[in-house]
Q: 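Starting off with a structure, shown below.
None of the values given here were measured: they were computed from a predicted structure.
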2 protein chains.
Amino acid sequence: METHKLIYYLRKWTNIKDEEAGVILTAFEPISLKKKEELIVPGETCEYIYFITKGCVRSYFVDDKGNDHIFQIRMDNSWIGDLESFYSHQPSKYYIESLEETQLLRIKEETLDELFLKVPALERYFRILFQKAYVNALNRLSDQMWEPAINRYHNMLKEHPDMFQRVPLVYIASYLGITPESLSRIRKQR
Amino acid sequence: METHKLIYYLRKWTNIKDEEAGVILTAFEPISLKKKEELIVPGETCEYIYFITKGCVRSYFVDDKGNDHIFQIRMDNSWIGDLESFYSHQPSKYYIESLEETQLLRIKEETLDELFLKVPALERYFRILFQKAYVNALNRLSDQMWEPAINRYHNMLKEHPDMFQRVPLVYIASYLGITPESLSRIRKQR
DNA sequence: TGTATTTCTTAACATAGATCAAGTGTAAAA
DNA sequence: TTTTACACTTGATCTATGTTAAGAAATACA
């Protein structure tokens with residue numbers, strides 16, 4: 001019997017017994033998105049968090065002038081959702097949209113809370129997940145504040161080369177906090 | 001018997017029984033810092049995480065040109081430490097320094113891991129703590145990327161008015177990602 | 001296969017915020 | 001009380017990145 005991808009990733013940081021793995025898997029519901037389909041939109045409450053088994057999505061908001069601002073791009077084997085809306089039950093401010101055909105597993109808060117009681121190792125997994133996500137966000141913040149755009153671009157090229165194969169540069173520019181024109185100029189310099 | 005401050009804050013998000021509270025409290029070690037004393041310095045591994053019971057600290061790094069870049073300012077009843085170094089056992093890149101006389105509670109990773117096994121509710125507390133910290137860091141990132149400095153200043157004034165009473169503007173400027181000169185100009189405009 | 005649409009680049013000009021260099025207050029130290 | 005160091009402000013100039021506008025390339029579509 002082959003181990004499910006999700007379980008494979010959970011086991012990287014925690015001990016999940018086989019019977020627990022079964023309980024976990026039945027709690028998640030698989031869904032799929034075509035290219036450019038919306039997973040969440042502003043005004044609606046984000047009722048699920050999602051694990052991307054295959055594909056690519058972006059989280060962004062639209063400002064008063066109608067410009068997109070992308071703060072997350074996530075690909076295979078990562079989590080996505082509006083955590084703020086998910087836990088506060090308040091309407092989301094964000095869009096989350098697929099950039100290609102995407103397969104996800106979703107879970108509701110109630111179901112997740114029940115799982116945490118049945119499988120404490122899962123709560124440990126999420127503790128570690130958020131801890132790492134927090135450290136990453138702080139590092140990204142620090143780069144955004146004090147590294148010039150050209151360095152941010154080169155770091156991204158090194159750390160996520162795969163994104164450049166799958167995601168249009170307009171989106172990558174926004175994720176880097178610059179305009180597509182600036183990115184284009186940066187790329188011209190060697 | 002009065003409840004300890006730390007327990008009071010843990011109980012905001014989790015159920016800690018009285019006997020568990022005792023176990024937790026004995027695992028933490030109180031320390032105190034004079035004004036401008038260093039808690040961690042680059043090159044050393046951060047072996048503890050700290051809960052500030054009273055006082056104020058900043059986390060920052062120093063770039064090639066010798067400029068400080070402050071990415072965190074924390075006051076009473078919050079957690080501080082270099083999580084990346086703490087969990088990876090790699091040398092820290094940061095300084096953490098007190099800005100005033102400060103009292104803290106510290107705990108080692110081993111001790112914390114043992115506590116997590118004895119008191120699962122504590123691991124839940126940290127799961128929620130990191131989750132919230134992550135959401136905050138993403139919001140701060142988004143502001144840094146797409147809000148002009150003047151808005152970031154006004155938001156900070158609204159959300160942390162207390163900091164302006166206790167922290168010099170030079171540090172607040174760095175935290176906002178601008179120079180003291182720019183902050184001064186922003187403040188002049190009404 | 002040709003046409004439309006999206007993606008990417010280029011150039012001229014504008015601007016927020018940085019840098020450099022003095023200066024003024026203010027508070028600790030002597 | 002005077003000195004010294006730190007905190008804050010001001011002005012002149014500079015620079016990275018944004019804005020606007022156009023066109024070229026690439027991709028999807030008919």
Q: Report the residues that fulfil ring pair (Phe, Tyr, Trp, His ring centres under 6.0 Å) with B:Tyr9, sequence neighbours left out, ordered by chain and then residue number.
A: none
Q: Restricting to side-chain hydrogen bond (donor to acceptor under 3.5 Å, both in side chains), what partner residues turn up for B:Ser182, sequence neighbours left out?
A: B:Thr179
Q: Roughly, in whole Å, what's the span from CD in A:Glu147 to P in D:dT17?
A: 11 Å
Q: What residues form a ring pair (Phe, Tyr, Trp, His ring centres under 6.0 Å) with A:Phe86, not counting sequence neighbours?
A: none
Q: Can you list the other members of the hydrophobic cluster that holds B:Leu117, where links are side-chain heavy atoms under 4.5 angstrom apart?
A: none
Q: Does a salt bridge link B:Glu101 with B:Lys34, judged by any charged N lying under 4.0 Å from a carboxylate O?
A: no
Q: For DNA chain D, find the residues of residues 165-182 of chain A with a heavy-atom distance under 4.0 Å and give them by number; none if there aren't any.
A: A:Gly177, A:Ile178, A:Thr179, A:Glu181, A:Ser182
Q: Among residues at least two apart in sequence or on other chains, which ones pass ring pair (Phe, Tyr, Trp, His ring centres under 6.0 Å) with B:Trp13?
A: B:Tyr125
Q: Expressed in angstrom and rounded to an integer, what is the separation of B:Arg187 atom CZ from D:dT10 atom P?
A: 11 Å
Q: If a pair satisfies salt bridge (charged side-chain N to carboxylate O under 4.0 Å, His left out) and one of its residues is in residues 131-156 of chain A, list it, with sequence neighbours excluded.
A: none
Q: What residues form a ring pair (Phe, Tyr, Trp, His ring centres under 6.0 Å) with B:Tyr175, not counting sequence neighbours?
A: none
Q: Please identify the 5'-most and 3'-most nucleotides of DNA chain C with any atom under 4.0 angstrom from a heavy atom of chain A.
A: C:dC8 to C:dA12
Q: Are A:Ile49 and A:Ile7 connected, step by step, through hydrophobic side chains (Ile, Leu, Val, Met, Phe, Trp, Tyr) whose heavy atoms are closer than 4.5 Å?
A: yes
Q: Once you round it to whole Å, what is the distance between C1' of D:dT17 and CD1 of A:Ile150?
A: 13 Å
Q: Kindly state which residues belonging to residues 60-75 of chain B come within less than 4.0 angstrom of DNA chain D, counting heavy atoms of the residue only, listed by number.
A: none
Q: So if I define the base as every atom that isn't primed, P, OP1 or OP2, how would nucleotides 23-30 of chain D read as a B/S/- string at a heavy-atom cutoff under 4.0 Å?
A: --------
Q: Bend angle of the helix from C:dT1-D:dA30 to C:dA30-D:dT1 from five-pair axes at both ends, rounded to 10°?
A: 40°
Q: Nearest-Å distance, CE (A:Met145) to C1' (D:dT17)?
A: 18 Å
